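First comes the structure, then the notes that go with it.
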Amino acid sequence: MPMTITEKILAAHAGKEQVTPGELINARVDFVLANDITAPVAIKEFEKIGVKDVFDRERITLVPDHFTPNKDIKSAEQAMLLKQFSRKHDLVNYFEVGRMGIEHCLLPEQGLVGPGDLIIGADSHTCTYGALGAFSTGVGSTDLAAAMALGETWLKVPETIKFEFAGKLKPWVGGKDLILHAIGDIGVDGALYQAMEFTGEAIENLSMDGRLTMCNMAIEAGGKNGIIAPDEITRAYVEGRCKRPYQFYQSDPDAKYEKIYHYDASLIEPQVAFPHLPENSRPVSEAGNVEIDQVVIGSCTNGRMEDLREAARLLKGKKVHKNVRLIIFPGTQEIYLQAMREGLFEIFVEAGGAVSTPTCGPCLGGHMGILAKGERAIATTNRNFVGRMGDPESEVYLANPAVAATSAILGRIAGPGEVE
Amino acid sequence: MELQGKTWKFGSDVDTDAIIPARYLNTSDPAELARHCMEDADPAFPDKVKPGDMIIAGKNFGCGSSREHAPIAIKAAGVSCVIAKTFARIFYRNAFNIGLPIFEAPEAAEDIKEGDELTVDASSGVIINKTTGKTYQATPVPPFMQQIIAAGGLINYVSERMKQ
């Protein structure tokens with residue numbers, strides 16, 4: 001029977017010839033992760049199971065990235081639980097501040113997740129790794145605890161929706177715009193319980209950074225996972241990087257899809273998602289006059305090298321608007337170092353922006369960029385829910401790094417065409 | 001198990017930031033989380049909710065973060081169950097795993113008004129609105145998930161399996 005890439009990976013990990021949507025399976029996991037918010041609960045639950053050891057000390061990582069560098073005593077205590085658990089179980093991949101990165105930038109970069117893998121993480125944006133041709137999905141702490149003990153998890157095989165992006169992208173349009181456009185079309189529950197498979201010419205030509213951005217936001221449409229078939233771009237990224245053997249899966253040409261959406265990518269403009277849902281997206285040319293107080297460039301969605309380079313291209317030789325705070329968060333220490341070597345920080349700082357160590361802080365209203373009542377931010381992050389970046393009466397607009405950088409210069413939401 | 005209580009009604013796409021804002025996630029103490037339950041959707045909710053009360057919501061309840069703190073906050077606030085048109089998938093899983101009863105019942109979620117008194121049969125999914133006399137049937141739960149509930153949550157279920 002023909003299968004989609006998602007079905008093939010699930011079948012392989014459940015030890016089955018085939019699986020069909022709706023079926024409940026027990027699947028072997030290749031890698032599991034949790035962070036300083038979700039791991040403390042997972043550790044507590046793990047200890048209730050009554051097992052001595054984790055299933056595999058090389059396949060678990062606890063990344064303290066949300067409230068770190070520790071923002072207060074309580075967060076320091078949470079982060080300490082991760083350190084203690086990692087030492088007790090001799091976990092190979094524990095990342096302390098200074099070596100740490102935003103988990104979904106860090107794991108692909110360090111070669112810990114790869115094509116054909118089945119990965120669960122106690123963080124909803126674990127779906128990011130679908131960009132490598134892996135099945136990866138977010139779960140809660142209790143599921144994570146069970147997987148740390150068993151090395152497997154139960155899953156319902158999702159139906160797959162195919163999103164076909166034909167044509168070539170316009171300048172300054174990237175993965176963020178394609179995914180915001182799709183979420184705007186189908187809504188924040190448009191792919192509820194389903195797999196989102198991205199295909200078409202625009203995806204085939206999309207860089208790995210752009211693909212990671214797209215799959216990162218599958219959860220914002222309610223999707224169980226986002227996935228892109230691995231190809232030569234994937235091979236170039238994982239070769240010499242992946243620490244474990246990997247496998248390329250492809251959907252069969254006659255695989256069954258629940259639904260297929262066709263988009264002409266050449267018509268898609270840079271998008272902006274208005275408050276308070278990612279589905280409120282519209283072309284930046286239709287944004288109107290929206291003045292802003294803060295710009296955030298970074299996060300697991302758009303904190304990679306390509307994102308920083310794009311922002312720097314626009315900010316070079318320009319100044320951040322006098323009414324605006326610009327904060328830039330490289331995704332990992334490796335990205336930080338590379339950006340420094342390329343002179344990007346000089347551009348950001350000369351423009352009047354602040355550069356931070358990697359952290360999820362501002363994206364979830366944790367620390368390092370909180371909004372006051374009535375303040376408005378444009379961010380390259382993934383969510384603009386009520387109170388997401390601070391006060392419940394603040395506002396977050398989502399966009400790609402080029403739109404964010406342009407908005408920082410002009411003090412209002414604007415597309416790159418206005419400053420190029 | 002029969003649940004009884006008065007309802008509080010919310011709209012669609014109630015996200016996990018509304019259920020428990022991230023600014024309180026530097027702790028995982030259930031009692032502390034309960035004090036801020038649904039705060040960004042209704043600041044008065046933590047004060048007015050009474051043990052046994054139920055939450056009624058539209059589509060996609062619990063969308064957003066994987067934070068288990070969301071169902072933990074609801075359970076610790078004394079809420080006996082959540083009835084919604086649909087749930088976001090991670091929230092759905094988390095609720096079962098920690099033993100918070102939830103029911104997908106589109107018609108009930110549409111009809112039931114804030115303040116209605118309900119009885120809910122947790123095993124059959126039959127919802128009776130005592131205020132209006134109307135009865136509804138929630139979408140049945142897959143047998144495997146009933147086993148998790150019967151074991152008392154995922155950790156007990158796994159614990160039993162590890163002993164085998």
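None of these values were measured; they are calculated from a predicted model. Just so we're on the same page: letters track the sequence lines, and every chain starts at 1. We use all heavy atoms of the structure for the numbers below, so side chains are in, but hydrogens, waters and symmetry mates are not.
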Examine whether an atom of [X] lies under 4.5 Å from a heavy atom of chain B, and if so say whether it belongs to the side chain, the backbone or both; otherwise answer neither.
X: Leu24(A); value: side chain
X: Leu155(A); value: both
X: Asp36(A); value: neither
X: Glu152(A); value: side chain
X: Thr137(A); value: side chain
X: Asn26(A); value: side chain
X: Leu192(A); value: side chain
X: Phe67(A); value: side chain
X: Ile73(A); value: neither

Checklist entry - Any idea how Phe87(B) and Phe91(B) line up, ring-wise: parallel (<30°), tilted (30 to 60°), or perpendicular (>60°)? => result parallel
Checklist outcome for this item: What one should report as the nearest heavy-atom pair of Ser124(B) and Gln137(B) is O-NE2, 2.7 Å
Just checking, any donor-acceptor pair under 3.5 angstrom between side chains of [X] and [Y]?
X: Asn26(B); Y: Asp72(A); result: yes
X: Ser141(A); Y: Glu45(A); result: no
X: Asp15(B); Y: His276(A); result: no
X: Glu104(B); Y: Tyr92(B); result: no
X: Ser299(A); Y: His125(A); result: no
X: Thr38(A); Y: Asn35(A); result: yes

Next on the checklist: Do Met196(A) and Ile186(A) make a side-chain contact, defined as non-hydrogen atoms from C-beta onward lying under 4.5 Å apart?
Outcome noted: yes
Report the option among [options] that has the most heavy-atom pairs separated by less than 4.5 Å from atoms of chain A.
options: Ile98(B), Leu154(B), Asn156(B); answer: Leu154(B)
options: Pro142(B), Gly153(B), Gly64(B), Ser12(B); answer: Gly64(B)
options: Asp17(B), Val158(B), Asp13(B); answer: Asp17(B)

Item to check | Region of Asn94(B) in contact with chain A, defined by heavy-atom distances below 4.5 Å | outcome: side chain
Mind ranking [options] by heavy-atom pairs under 4.5 Å with chain B and telling me who comes out on top?
options: Trp154(A), Phe385(A), Tyr193(A); value: Trp154(A)
options: Asn382(A), Val139(A), Asp123(A), Leu364(A); value: Val139(A)
options: Ile219(A), Leu150(A), Val386(A); value: Leu150(A)

Item to check | Pairing of Glu77(A) and Lys74(A) as salt bridge, 4.0 angstrom limit | outcome: no
